[in-house]
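What you see is a predicted model, and the numbers here were worked out from it, not measured in a lab. Indexing begins at 1, ligand by ligand and atom by atom, following the structure's order.
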Amino acid sequence: MIKALREWARGHTDRARYSPVGIAFHWVMAFLILFQLGWGWTMSRLPVGADKLYFYQVHSAAGLVVILLAIGRFWWRLAVPGPINDADKQGWQTTVSVAIHWVFYATFFLLPISGWIMWSALAEPGPLYLAGVIPWPSFPLGDMPLTLRWRIMDVAEDVHLVTVFALFLVIPLHVGAALKHHFWDRHDVLRGMLPEIPDEEDPQGDRTHKHREPQPQAG
Ligand code: HEM
Ligand code: HEM
């Protein structure tokens, strides 16, 4: 089956494009993570009360979906190699971009798992639901001494916050690089991550992905 999937994906990756599965994973998860960052930030600044509890519930319900998507996406990434595009020939820039991709993959696991542990260590917020509907178990921390539970909560909270901070650092670099490659270098990287427009329906035709020619040397 993996061989057949790779074969199918190669029909896209051979043209420097991510497969529709890779594209769907990318944009659904990008949206979810950006939503969670905004929602979580707002949530943490609300005074204790019913609104805050509601924010916690939505935050956990949406965040748990990320774990499942992360498992699927990670499996997909290992089974089906991505495309080689114009930006993959840029030396250190390629190394940095690949490193950032792996940071993203790490955050896809670290954030929901640390959130799940925090939730399980707290007594109050109530049961967890995947996407707000499917019951989700908590870690069995209830019988542990309170001090140990607080210690676990502390570590998980640190991991959650450091990971959030890492995302605030790398997302602007990632998005900035994608826009720079598209608009300045005229590379095919961003096009490869967008749904494909058949050539005959593309109002820009072939014009937008011509590389920027090197500038003539003065003198
Ligand atoms: C998957 C993506 C997730 C992202 C991007 C994310 C992001 C955030 C952010 C930005 C904050 C606020 C940090 C601050 O300014 O203090 C936060 C706090 C929190 N998140 Fe998440 N989170 C995710 C998943 C989860 C999940 C799945 C749970 C629970 C099951 C969870 C539980 C919590 C809790 C309990 C807090 C409050 C921590 C505190 O008050 O210090 N998070 N999260
Ligand atoms: C909103 C603006 C965004 C744009 C324009 C964008 C654009 C891109 C592009 C063009 C690539 C392909 C890079 C390459 O092959 O060299 C890519 C890959 C990737 N992006 Fe984004 N991205 C955005 C947001 C995000 C966010 C918010 C995340 C994570 C939370 C993310 C995670 C990833 C990952 C993990 C890859 C690597 C895919 C793989 O090879 O498996 N992106 N993105």
Is the backbone N or O of [Y] less than 3.5 Å from a side-chain atom of [X], with the two atoms forming a donor-acceptor pair by type?
X: Arg15; Y: Gly11; answer: yes
X: Gln36; Y: Ala62; answer: no
X: Arg45; Y: Trp41; answer: yes
X: Ser120; Y: Phe139; answer: yes
X: Arg6; Y: Ala79; answer: yes
X: Lys52; Y: Met43; answer: yes
X: Arg17; Y: Met193; answer: no

Is the closest heavy-atom distance from [X] to ligand 2 below 4.0 Å?
X: Trp76; answer: no
X: Phe108; answer: yes
X: Gly82; answer: no

Can you tell me which residue and heavy atom of the protein come closest to [atom], and the distance to 0.1 Å?
atom: atom 14 (C) of ligand 1; answer: Ser44 OG, 3.5 Å
atom: atom 26 (C) of ligand 2; answer: Ala30 CB, 3.7 Å
atom: atom 15 (O) of ligand 2; answer: Tyr18 OH, 2.5 Å
atom: atom 40 (O) of ligand 2; answer: Arg77 NE, 2.9 Å
atom: atom 24 (C) of ligand 2; answer: His174 CD2, 3.8 Å
atom: atom 32 (C) of ligand 2; answer: Phe104 CD1, 3.4 Å
atom: atom 2 (C) of ligand 2; answer: Val175 CG2, 3.5 Å

Between Phe104 and Ile33, is the side-chain contact (heavy atoms from CB on, under 4.5 Å) condition met? List the steps.
CA-CA 10 Å; Phe104 280 137; Ile33 297 280; over 6 Å; no
Identify the heavy atoms of Tyr18 and Ile23 that sit nearest to each other, and give their distance.
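Looks like O-CD1, 3.5 Å.
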Considering non-hydrogen atoms only, spot the tightest contact between Asp188 and Ala16 and give its length.
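Scanning both residues completely, I find the closest heavy atoms to be OD2-CB, 3.3 Å.
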Best match, His182, Met193, Arg17, Arg191: closest heavy atom to atom 9 (C) of ligand 2
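Looking at heavy atoms only, Met193 sits closest to atom 9 (C) of ligand 2.
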Measure from atom 39 (C) of ligand 1 to every heavy atom in Glu157, Lys52, Gln57 and give the option owning the shortest one.
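Ranked by closest heavy atom to atom 39 (C) of ligand 1, first place is Glu157.
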Check whether any side-chain heavy atom of [X] sits under 4.5 Å from a side-chain heavy atom of [Y], and report yes or no.
X: Pro135; Y: Leu128; value: no
X: Trp136; Y: Trp116; value: yes
X: Ile134; Y: Tyr129; value: no
X: Trp76; Y: Leu5; value: yes

Considering only heavy atoms of Leu190, which atoms of ligand 2 have at least one such atom less than 4.0 Å away?
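Reading through ligand 2 atom by atom, the close ones are 5 (C), 10 (C).
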Should you measure from each heavy atom of Ile33, which atoms of ligand 2 turn up under 4.0 Å away?
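Every atom of ligand 2 under 4.0 Å from some heavy atom of Ile33: 30 (C).
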Closer than 4.0 angstrom, basic N to acidic O: yes or no for Arg191 and Glu196?
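No, no charged N to carboxylate O under 4.0 Å.
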Below 3.5 angstrom, do we get any N/O pair linking [X] and ligand 2?
X: Tyr105; result: yes
X: His101; result: no
X: Arg73; result: no

Can you tell which part of [X] has a heavy atom less than 4.0 Å from ligand 2: side chain, backbone, both or neither?
X: Trp27; result: side chain
X: His26; result: side chain
X: Val189; result: both

Could you tell me, atom by atom, which parts of ligand 1 come under 4.0 Å of a heavy atom of [X]?
X: Arg45; result: 15 (O)
X: Val66; result: 1 (C)
X: Leu161; result: 13 (C), 14 (C), 16 (O)
X: Trp116; result: 29 (C), 30 (C)
X: Leu64; result: 27 (C)

Phe165 and Phe109: same hydrophobic cluster, using ILVMFWY side-chain contacts below 4.5 Å?
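Different clusters: Phe165 never reaches Phe109 through Ile, Leu, Val, Met, Phe, Trp or Tyr contacts under 4.5 Å.
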same_hphob_cluster(Ile113, Leu110) at 4.5 Å side-chain heavy-atom cutoff:
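Different clusters.
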Can you tell which part of Thr107 has a heavy atom less than 4.0 Å from ligand 1: side chain, backbone, both or neither?
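None of Thr107 does.
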For His26 and His174, take the angle between the two ring planes, folded into 0 to 90°, and tell me which bin it lands in: parallel under 30, tilted 30 to 60, perpendicular over 60.
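It falls in the tilted class, 30° to 60°.
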Output field: ring centroids Tyr105/Phe108 closer than 6.0 Å:
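Between Phe108 and Tyr105, which both carry aromatic rings, the centre distance is below 6.0 Å.
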Within-cut-off N or O pair, Trp41 and ligand 1, under 3.5 Å:
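Between Trp41 and ligand 1 (N or O atoms, distance only) the closest approach is not under 3.5 Å.
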Please tell me whether His12 and Ser19 have a donor and an acceptor in their side chains that are separated by less than 3.5 angstrom.
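The criterion, which ignores hydrogens and geometry beyond distance, is not satisfied for Ser19 and His12.
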Non-hydrogen atoms of Tyr56 versus ligand 1: any pair closer than 4.0 Å?
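A heavy atom of Tyr56 does come that close to ligand 1.
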Protein N/O/S neighbour count - atom 21 (Fe) of ligand 1, strictly under 2.8 Å:
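For atom 21 (Fe) of ligand 1, the figure is 2.
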